[in-house]
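In what follows, a structure is listed as structure tokens, so that the remarks can point back to it.
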Amino acid sequence: MLINGMAAVVTGGSSGLGAATARHLAGLGAKVAILDVNLDLAQEVAAEIGGLAVECDVSSEENGEAAIKAAREAHGPARISVCCAGISESRRMLGRDGPAPLAHHTRLVNVHLVGTYNICRLAAADMAACEPLPDTGERGVLINTASIAGFDGPPGAITYDAVKAAIAAMCLPMSRELSRHAIRVMAIAPGMFETPMATGLRQEYINEMTDRIPFPKRFGNPAEYAALVETIVTSPMLNGETIRIDGGLRMT
Ligand SMILES: NC(=O)c1ccc[n+]([C@@H]2O[C@H](COP(=O)([O-])OP(=O)(O)OC[C@H]3O[C@@H](n4cnc5c(N)ncnc54)[C@H](O)[C@@H]3O)[C@@H](O)[C@H]2O)c1
């Protein structure tokens with residue numbers, strides 16, 4: 001799909017991978033709506049790229065519906081949806097203080113898994129109502145953010161690992177279900193990327209992870225994630241798959 005002139009929604013677009021994606025898509029001529037809980041930051045990025053900022057907790061049914069509606073009213077139905085909203089908040093299931101509060105698990109499941117599903121179902125409904133594009137015959141593309149943690153299962157983050165695996169697992173059945181609407185579904189599984197989420201980790205952990213990356217021996221730049229989003233949007237044969245972008249890193 002050509003990106004120029006298309007409407008796009010980017011969740012978590014105020015920061016990190018989402019902000020880089022919002023900037024990249026806008027630079028290619030897309031009309032971008034940023035959906036984020038952090039409205040101040042969303043407004044900053046939106047002002048910079050000439051986009052729309054919408055306050056939205058992706059895990060809320062009402063927030064999601066209102067945000068997709070606001071994006072549609074401003075730019076028309078989005079043919080590109082990129083879900084980057086997320087939190088890390090790692091903690092051991094059984095720590096020194098005993099079992100982790102169940103609320104910790106539920107919060108991560110809600111933001112990542114429920115939030116991704118929520119935006120996908122709403123964005124897909126808008127895409128399904130669009131005409132197929134004359135060049136590729138497709139109506140739209142959904143791109144979600146998993147993590148290599150979902151495959152490699154580093155300890156101390158069981159719930160994060162599980163929700164990221166679930167986002168990857170949703171990709172194939174979602175692409176099969178939406179194929180009759182000519183909507184593609186892809187996921188990206190980043191390794192370590194230089195964003196506020198990752199740079200807030202302990203320095204020893206950052207050093208250890210960097211050391212383990214075969215090549216290039218550094219954290220990814222969010223612009224490299226955004227470039228992969230562009231590749232996915234413009235490559236009609238990419239469908240139903242999760243792509244790792246990690247410099248060959250395997251976590252243990
Ligand atoms: N940075 C990495 O190394 C890395 C690696 C693998 C996967 N990821 C995933 O990539 C995604 C983006 O992470 P990032 O590194 O850019 O983090 P980030 O903290 O820079 O950005 C996350 C954004 O999501 C927003 N957000 C949080 N909860 C939300 C909610 N309920 N509703 C709407 N917005 C919400 C935040 O306000 C923020 O703008 C996340 O899903 C993360 O798990 C990141």
Side-chain angles (χ1 to χ4, degrees), residues 9-24 33-46 53-68 70-71 81-90 106-120 122 143-154 157 159-168 170 187-202 205-206 209-210 212-213 218-226 228-229 242-247 249-251:
V9 292
V10 181
T11 76
S14 300
S15 173
L17 305 182
T21 300
R23 290 189 178 102
H24 193 79
I34 294 169
L35 279 47
D36 203 293
V37 276
N38 189 331
L39 183 60
D40 289 345
L41 263 186
Q43 282 171 335
E44 272 181 37
V45 180
V54 188
E55 186 172 13
C56 173
D57 174 352
V58 292
S59 66
S60 151
E61 185 169 11
E62 299 75 32
N63 275 204
E65 284 171 4
I68 293 292
S81 164
V82 187
C83 283
C84 291
I87 51 174
S88 55
E89 294 179 15
S90 296
T106 314
R107 183 167 145 72
L108 278 164
V109 170
N110 281 340
V111 173
H112 287 277
L113 186 54
V114 176
T116 300
Y117 182 88
N118 189 26
I119 298 304
C120 283
L122 297 167
I143 302 173
N144 299 323
T145 309
S147 166
I148 64 168
F151 306 116
D152 297 355
T159 304
Y160 184 81
D161 301 347
V163 290
K164 290 306 189 181
I167 289 170
M170 286 199 302
I188 299 176
M192 302 303 299
F193 272 70
E194 244 181 84
T195 71
M197 183 182 283
T199 49
L201 295 166
R202 280 183 303 112
Y205 186 74
I206 292 176
M209 282 299 140
T210 307
R212 283 198 192 161
I213 302 170
R218 60 170 173 79
F219 276 27
N221 185 314
E224 293 168 313
Y225 172 98
L228 181 54
V229 168
T242 301
I243 301 178
R244 293 178 73 120
I245 176 168
D246 60 7
L249 173 65
R250 296 296 179 271
M251 294 168 146

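Numbering of ligands and ligand atoms starts at 1, following listing order.
At the shortest separation from atom 8 (N) of ligand 1 among protein heavy atoms lies Tyr160 OH, 3.6 Å. The shortest contact between atom 13 (O) of ligand 1 and any protein heavy atom is with Met197 CE, 3.8 Å. Given atom 29 (C) of ligand 1, the protein heavy atom at minimum distance is Val37 CG2, 3.6 Å. Looking only at protein heavy atoms, the nearest one to atom 2 (C) of ligand 1 is Phe193 N, 3.6 Å. Counting protein heavy atoms only, atom 14 (P) of ligand 1 is closest to Thr195 OG1, 3.6 Å. Counting protein heavy atoms only, atom 32 (N) of ligand 1 is closest to Val58 N, 3.0 Å. Nearest protein neighbour of atom 36 (C) of ligand 1, counting heavy atoms only, is Asp36 OD1, 3.5 Å.
Using a 4.0 Å cutoff on heavy atoms, Pro196 counts as a contact of ligand 1. Within the structure, the closest approach of Cys56 to ligand 1 falls below 4.0 Å when heavy atoms are considered.
In terms of polar-atom proximity, defined here as any N/O pair under 3.5 Å, Lys164 does make such a contact with ligand 1. Remark: ligand 1 and Thr145 share no N or O pair separated by less than 3.5 Å (distance only, no angle test). Checking only distances, Pro190 never comes within under 3.5 Å of ligand 1, N or O to N or O. Polar contact with ligand 1: present for Asp57 (N/O pair, distance under 3.5 Å). Checked by distance only, ligand 1 and Leu17 come closer than 3.5 Å through their nitrogen or oxygen atoms. Considering both main-chain and side-chain atoms, Ala146 never comes within under 3.5 Å of ligand 1 through any nitrogen or oxygen pair.
Numbered from 1 in the order shown, with element, the atoms of ligand 1 that lie under 4.0 Å from a heavy atom of Gly12 read 23 (C), 24 (O), 25 (C), 39 (O).
Listed for the Thr11 side chain is a donor-acceptor partner under 3.5 Å among the backbone atoms of Cys84. Side-chain atoms of Thr145 come within 3.5 Å of backbone N or O of Cys83 as a donor-acceptor pair. The backbone N or O of Ala42 lies less than 3.5 Å from no partner atom in the side chain of Asp36, so there is not a single donor-acceptor pair.
With Asp152 as the partner, the salt bridge (charged side-chain N to carboxylate O under 4.0 Å, His left out) test is satisfied by one option alone out of Arg244, Lys164, Arg250: Arg244.
Thr242 has its side chain out of reach of Asn144: every pair of non-hydrogen atoms, C-beta onward, lies at least 4.5 Å apart.
A donor and an acceptor atom, one from each side chain of Thr195 and Tyr225, are nowhere located under 3.5 Å apart.
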| task | Show your reasoning for whether side chain to side chain contact (heavy atoms under 4.5 Å, CB included) applies to Asp246 and Ile213. | result | CA-CA 8 Å; Asp246 60 7; Ile213 302 170; over 6 Å; no

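Considering each of Ala198, Gly191, Gly16, the one bringing a non-hydrogen atom nearest atom 4 (C) of ligand 1 is Gly191. The residue from Cys84, Ala20, Ser59, Ser15 that puts a heavy atom closest to atom 40 (C) of ligand 1 is Cys84. In the candidate list Ala189, Gly86, Ala85, Gly86 is nearest to atom 27 (C) of ligand 1, counting heavy atoms.
Heavy atoms of His112 found under 4.0 angstrom from ligand 1 belong exclusively to the side chain. Of all the heavy atoms of Ala19, none lies under 4.0 Å from any atom of ligand 1, so neither backbone nor side chain is involved.
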